[in-house]
Amino acid sequence: AAGLRLAKANGWKSLTRDGVATEAGVSFAMVNFRFGTMTQLKRAVMREAIRQLELRVIAQGYVSDDPTALKIDSELKNRALQSL
């Protein structure tokens, strides 16, 4: 949830583990333990963005070639890209 809030506020590309930790009120180590890699953290955030239909975040991930965003169906892709 903290990662999605940050992606919505600051953009997909600005997402960092430090930022997520601060937003969530936990340590960097906790975020690192829970998600391991930045790839895994971004995957979790993108899955939540898709689940909540956060079109702007989905579109940003799509144009950044995020693997999870690239798997969305064409209807959602079109809706997301129109939000940019």
Side-chain angles (χ1 to χ4, degrees):
L4 183 55
R5 284 193 302 272
L6 286 176
K8 287 169 49 178
N10 304 322
W12 175 251
K13 287 188 174 186
S14 68
L15 196 60
T16 65
R17 284 182 277 200
D18 283 329
V20 171
T22 300
E23 178 71 18
V26 300
S27 69
F28 173 85
M30 179 62 74
V31 173
N32 212 31
F33 175 77
R34 171 64 178 91
F35 295 102
T37 67
M38 196 62 200
T39 299
Q40 291 170 314
L41 174 60
K42 284 192 158 191
R43 181 182 306 128
V45 172
M46 184 55 64
R47 285 180 177 161
E48 187 62 15
I50 292 168
R51 189 182 75 72
Q52 292 189 28
L53 295 177
E54 292 293 345
L55 298 176
R56 202 178 108 225
V57 174
I58 296 167
Q60 291 173 9
Y62 189 87
V63 299
S64 297
D65 293 327
D66 175 76
T68 304
L70 292 174
K71 294 177 186 176
I72 61 176
D73 65 50
S74 60
E75 180 185 337
L76 181 54
K77 177 187 89 169
N78 292 334
R79 288 178 55 205
L81 292 176
Q82 288 175 359
S83 73
L84 290 179

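What you see below is based on every heavy atom in this structure, not just the backbone, and it leaves out hydrogens, waters and symmetry mates.
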Engineer: Can you name the nearest heavy-atom pair linking Ala59 to Ala80, along with the distance?
Structural biologist: CB-O, 3.2 Å
Engineer: Under 4.5 Å between any side-chain heavy atoms of Arg17 and Met38, yes or no?
Structural biologist: yes
Engineer: How many angstroms lie between atom CH2 of Trp12 and atom CG of Asp66, to the nearest 0.5 angstrom?
Structural biologist: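 Reported value, rounded in 0.5 Å steps: 4.5 Å.
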Engineer: What heavy-atom pair brings Gly61 and Ala69 nearest, and what distance separates the two atoms?
Structural biologist: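 Nearest pair, atom of Gly61 first, then Ala69: C-CB, 3.7 Å.
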Engineer: Just how far is it from atom CZ of Arg5 to atom CD of Glu48, taken to the nearest 0.5 Å?
Structural biologist: 10.5 Å
Engineer: Is there a path from Phe28 to Met30 through hydrophobic residues (I, L, V, M, F, W, Y) whose side chains come within less than 4.5 Å of each other?
Structural biologist: no
Engineer: Does any non-hydrogen side-chain atom of Lys42 lie less than 4.5 Å from one of Phe35?
Structural biologist: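 No, side chains not in contact.
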Engineer: For Gly3 versus Leu15, what's the shortest heavy-atom pair and its separation?
Structural biologist: O-CD1, 3.4 Å
Engineer: Would you call Ile58 and Leu81 a side-chain contact if the rule is heavy atoms closer than 4.5 Å?
Structural biologist: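 No - every pair of side-chain heavy atoms lies 4.5 Å or more apart.
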Engineer: What distance separates Leu55 CG from Asn78 CG, expressed to the nearest 0.5 Å?
Structural biologist: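 If I round to the nearest 0.5 Å, the distance is 11.0 Å.
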Engineer: Looking at Val31 and Val26, what are the two nearest heavy atoms and their distance?
Structural biologist: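 In this case the closest contact between Val31 and Val26 is CG2-CG2, 3.8 Å.
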Engineer: With a 6.0 Å cut-off (strictly less than), is the heavy-atom count around CZ of Arg34, excluding the residue itself, greater than 12?
Structural biologist: no
Engineer: To the nearest 0.5 Å, what is the distance between CG (Leu4) and CZ (Arg47)?
Structural biologist: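 One finds 14.5 Å between CG of Leu4 and CZ of Arg47.
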Engineer: Quick one, Leu41 with Thr16, criterion side-chain contact (heavy atoms from CB on, under 4.5 Å). Give me CA distance, side-chain angles, the key distance, then yes/no.
Structural biologist: CA-CA 9 Å; Leu41 174 60; Thr16 65; over 6 Å; no
Engineer: Looking at CD of Gln60 and CE of Met46, how far apart are the two atoms once the value is rounded to the nearest 0.5 Å?
Structural biologist: 8.0 Å
Engineer: Any donor-acceptor pair under 3.5 Å linking the side chain of Arg43 with the backbone of Thr68?
Structural biologist: no
Engineer: For Lys13 and Ser64, work out which heavy atoms get closest and say how close.
Structural biologist: CE-OG, 3.2 Å
Engineer: Do Leu84 and Val63 come close enough that some side-chain heavy atom pair is under 4.5 Å?
Structural biologist: yes
Engineer: Search all heavy atoms of Leu6 against all heavy atoms of Val20 and return the closest pair with its distance.
Structural biologist: CD1-N, 3.4 Å
